[in-house]
Each structure stands twice: as C-alpha cells, then as structure tokens.
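Counting starts at 1 for both ligands and their atoms, following the listed order. Computed from a predicted structure; not experimentally measured.
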Amino acid sequence: MLSEFELIARYFAGPAQSTVPGATSGVVQGPGDDCAVLAPTPGSQLAVSVDTSLAEVHFPADAPATAIGHRALAVALSDLAAMGARARWCVMAISLPEVDDAWLAGFAEGFHALCRACDVALAGGDVTRGPLSVSVTVHGEIPAGQALSRGGGRAGDVLAVTGALGGGRGGLEAWQAGVRELDDPLLAAYLLPLPRLAAGEALRGLAHCAIDISDGLLVDLDHLCSAGGLGAELDVAALPLSDGLVARLGETGAREAALCGGDDYELLISLPSAQFATARQGLAALDVPLTAIGRLRETPGIAGVDADLLHNGWRHFPGGAS
Ligand SMILES: [Mg+2]
C-alpha cells in the first residue's frame, strides 16, 4: 500500500487555484502540512458543515468511482447552498478497504471536477484503511449577518422548491433495476446531484428561510415548520417531478418519491408572495426553475397531504437513505 503521504500527493494535492478570474483560492497552505491555512474574505462569516457518506448506506459500493467522488462533495456543498453561502474550501477524509489505483484516480477525477465547477479548493485530506466511507467538511463565506436559516419563515409566505423532486429515489430504484448509464436523468439525479450554490446565493435577501432537501420534502418541510413555530399547506399537484419519474414509478409512486424519497438536494424556501416573481426570474437566469408548492400558515401540522403518507412515509420507502 502506498503511504498516506504518497496517496495524498498523487491524487489529492492538486493546485488549489480558483477558476474565477481575478479571484484567489484563499489557500495560504494547502495539503501537505499539518494544517491547511486559509484566508477568509474580510467582513465575511464562515459557514461550516460536515457530511459522511457510507458505502451501502448513502451510495452503492459498486457505483462508478467518479460518481462517488462527486456525490460525497455535492451532498456536503448542498448544506452551504441552503445557508446562502459561497463555497470556498473543503477538506476530505476517506477510508478505503484497499488501494486500487484506477478506483482512486476515478474518485479524484469526480471530486476535483466538482471542486472546479463550484470554485471550491481542496485544502487538506486524510486517508485511512477501512470500510469505504468519505467524510467531507466544507467551508463557505457569507456577508456578515446575511445567512439564510431554517427558522425565519412567516405565516402566509409562499413555499417554493428549486429544480425537480423525486429523482434521488427514482435514481436509486433505477440503479436497483440494473440501469447503469449515468446519462439516465434519474440515475444522474441520484448519483451526480448538483448543489444549488448559485441559487442559494441569489436567494439571500429574498427568502425568509431555506433548507436543502436531503431527507425528503415532508421531513425537511417539517424541520422548517418546527424551526419557525409554524405549519404548512402543500399543493401536492404542483410538485415538480423529475424527468422520467412517472414512467419509472407511476403517478402515485412518483408523487410519493417527491414527498418522501430524499436525496434530492434541491432547496426548499419560503418567501413573501410579492417576492416570488423576482426570485423566480433571478433563478431562471441561472437556469434553475423555482416552483411554488404551498404556503406557510399559523396552524401547526402539514395540510394537503394524504394522512397515511404523512405518518407512514417511510413504510413506503424502507431503507431510505440519509
Ligand atoms: Mg441540510
């Protein structure tokens, strides 16, 4: 086995350069010393989050290595998007049963490609031997005092989601049915989710509250409602469904996947109805659809959803991830 130092040097010590013209990576000391040294933008606050992805819990162990690298970073970055943060840096710890050069090269390719796409610098890493798991800590910057949070919603706010829902669950079902083409829209939604970073930044100052949908719309909406001491009324017929979802799961299954499936990594927000058109236009310029799906209200609980689904959503989807 290569030493940890050799592994990091070979696969993870790439130049930590920003892809934004005129910007700097802010990495004073990258991989290779005892710590990374980072230079935050003066006046900004740091948003920090960590996510661990376990083989056979969060992703199939035999998924393509590039997808595993991409996905481990994407799910961590999605939390920065939910706060309206600009992604800056990440550090990554990987545990591997064995060193397989082709696998590691693929993993690093997927990880670095998303770093470049999101303008994130990999500032440090750690490699150990063990069951396959990847833990990614991300650091983002927010202008002081402007972070989006779960708790700022108000009764009467429009509830809206970015993109489409159900693809995470639909993609898992497609994988289990033997689909292996990563250009399949459902499989891509599941294995190659794109964190809504640009949308999150654009929603600062417009949205009252925000959360990313990792556990399923109903569960994450419940988090928003609890944080704000509110309830919600959902328009289930308005839910934007992922491409190919109805064809794979049928009408009812598609709607259940959109409500309870999880792993969608879209943003769920609330905002004043007077701001909705502005927000939708702003996101359309980023090629991100924004769909109104209901309202926040004073009365606790979630109305508009079949009670069976509300209370037994996970029975429909045993073994749901996250
Ligand atoms: Mg989250």
Q: State which residues pass side-chain contact (heavy atoms from CB on, under 4.5 Å) with Cys90; sequence neighbours excluded, sorted by chain then number.
A: Leu73, Phe111, Cys115, Val120, Leu122, Val136, Val138
Q: Could you go through residues 156-166 and list every donor-acceptor pair under 3.5 Å that involves a side-chain atom there, pairing it with any protein atom two or more places apart or in another chain?
A:
| residue | atom | partner | partner atom | Å |
| --- | --- | --- | --- | --- |
| Asp157 | OD1 | His208 | ND1 | 3.1 |
| Asp157 | OD2 | Arg154 | N | 3.1 |
| Asp157 | OD2 | His208 | ND1 | 2.7 |
| Asp157 | OD2 | Ser270 | OG | 2.7 |
| Thr162 | OG1 | Glu266 | OE1 | 2.6 |
| Thr162 | OG1 | Leu267 | N | 2.9 |

Q: Anything under 3.5 Å between a donor and an acceptor, one on a side chain of residues 32-41, the other on a protein residue two or more places apart or in another chain? List them.
A:
| residue | atom | partner | partner atom | Å |
| --- | --- | --- | --- | --- |
| Thr41 | OG1 | Arg88 | NH1 | 3.3 |
| Thr41 | OG1 | Glu141 | OE1 | 2.7 |
| Thr41 | OG1 | Glu141 | OE2 | 3.3 |

Q: Is the number of heavy atoms from other residues, nucleotides or ligands within 6.0 Å of CD (Gln176) greater than 12?
A: yes
Q: Got more than 12 heavy atoms from elsewhere within 6.0 Å of CG, Asp126?
A: yes
Q: Please report the interatomic distance CG(Leu286) to CD(Glu201), rounded to the nearest 0.5 Å.
A: 9.5 Å
Q: What protein N, O or S atoms come within a distance below 2.8 Å of the Mg ion (ligand 1), ordered by chain and number?
A: Asp79 OD1, Asp212 OD1
